[in-house]
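See below for the structure under consideration.
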Amino acid sequence: AAGVIQSPRHLIKEKRETATLKCYPIPRHDTVYWYQQGPGQDPQFLISFYEKMQSDKGSIPDRFSAQQFSDYHSELNMSSLELGDSALYFCASSLGTSDEQYFGPGTRLTVT
Amino acid sequence: AQSVTQLGSHVSVSEGALVLLRCNYSSSVPPYLFWYVQYPNQGLQLLLKYTTGATLVKGINGFEAEFKKSETSFHLTKPSAHMSDAAEYFCAVSGVAGNQFYFGTGTSLTVIP
């Protein structure tokens, strides 16, 4: 079965650069969630979208923005990167208000 | 508000022994509860979930968990540990379907041969 696709899988950036992470949900899923998992930490919710509208907002820094496009894929844009942004970024998708979120493999961002 | 506490950041068991990973939750509304497993450098894989109905939930790989409202707990168990069970385990709660998940800090399970 098709799963959540995230690209790139690995990304290395320097401080103050920008990065764009992409998430392609499972076909027919219309809800996307973004999580950040720092080294040795639990995943922290950043933001979610339902039907291309922001549905919930968590601990997302102002330097980050995200959107969901007409094909339901989502992009997380990160600017003025800091060392502390180095983390594993997960995307999850669900069908509407389904209770189950399916997670992608994550994008590992390293900021040097 | 919802939150999760996982007791024990590291648990070691012998191969073939019982696995017990503890999770207590706090929720102002009836919770949806989940256990996820994460292998090194991989994403989160759903083991099992509780939404409504039967309080004993069976998941993949022989794991099960029991929702105990009176104890606000959702402990994960497996009768006999296998070497392949070594991984990081996360308990998560959400208050409403389609809402954000709140994760516990994770429990690293080591299986000793």
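Protein chains get the first letters and strands the later ones, always in sequence-line order, with residue 1 at the start of each. Values below: every heavy atom of this structure, side chains too, minus hydrogens, waters and symmetry copies.
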Closest-packed option against chain A by number of heavy-atom pairs under 4.5 Å, given Tyr102(B), Phe34(B), Tyr36(B): Tyr36(B)
Which of Ala92(B), Ser9(B), Gly104(B) touches chain A most, by non-hydrogen pairs under 4.5 Å: Gly104(B)
Using a cut-off of 6.0 Å, state whether more than 12 heavy atoms not belonging to [X] lie near its atom [atom1].
X: Met53(A); atom1: CE; answer: no
X: Ile12(A); atom1: CD1; answer: no
X: Asp62(A); atom1: CG; answer: no

Interchain contact, Ile47(A) with chain B, by part (heavy-atom threshold 4.5 Å): neither
Residue part contacting chain B, namely of Gln37(A), when any heavy atom lies under 4.5 Å: side chain
Contact origin within Glu88(B) toward chain A - heavy atom pairs under 4.5 Å: neither
Disulfide (SG to SG under 2.5 Å) partners of residues 12-93 of chain B, not counting sequence neighbours, each pair once: Cys23(B)-Cys91(B)
Nearest heavy atoms of Phe103(B) and Pro43(A), plus distance in Å: CD1-O, 3.5 Å
Same cluster or not: [X] versus [Y], using hydrophobic residues (I, L, V, M, F, W, Y) connected whenever any side-chain heavy atoms lie under 4.5 Å apart?
X: Leu33(B); Y: Val37(B); answer: yes
X: Leu83(A); Y: Tyr89(A); answer: yes
X: Tyr102(A); Y: Tyr32(B); answer: no

With Phe45(A) via ring-ring contact (aromatic ring centres under 6.0 Å, His included) - residues at least two apart: Tyr35(A)
Residues which pass ring-ring contact (aromatic ring centres under 6.0 Å, His included) with Phe64(A), listed by chain and number, not counting sequence neighbours: none
Parallel, tilted or perpendicular, as decided by the 30° and 60° cut-offs, for the rings of Phe101(B) and Phe103(A): tilted
Toward chain A: residues of residues 43-65 of chain B with heavy atoms under 4.5 Å: Gly43(B), Leu44(B), Leu46(B), Lys49(B), Thr51(B)
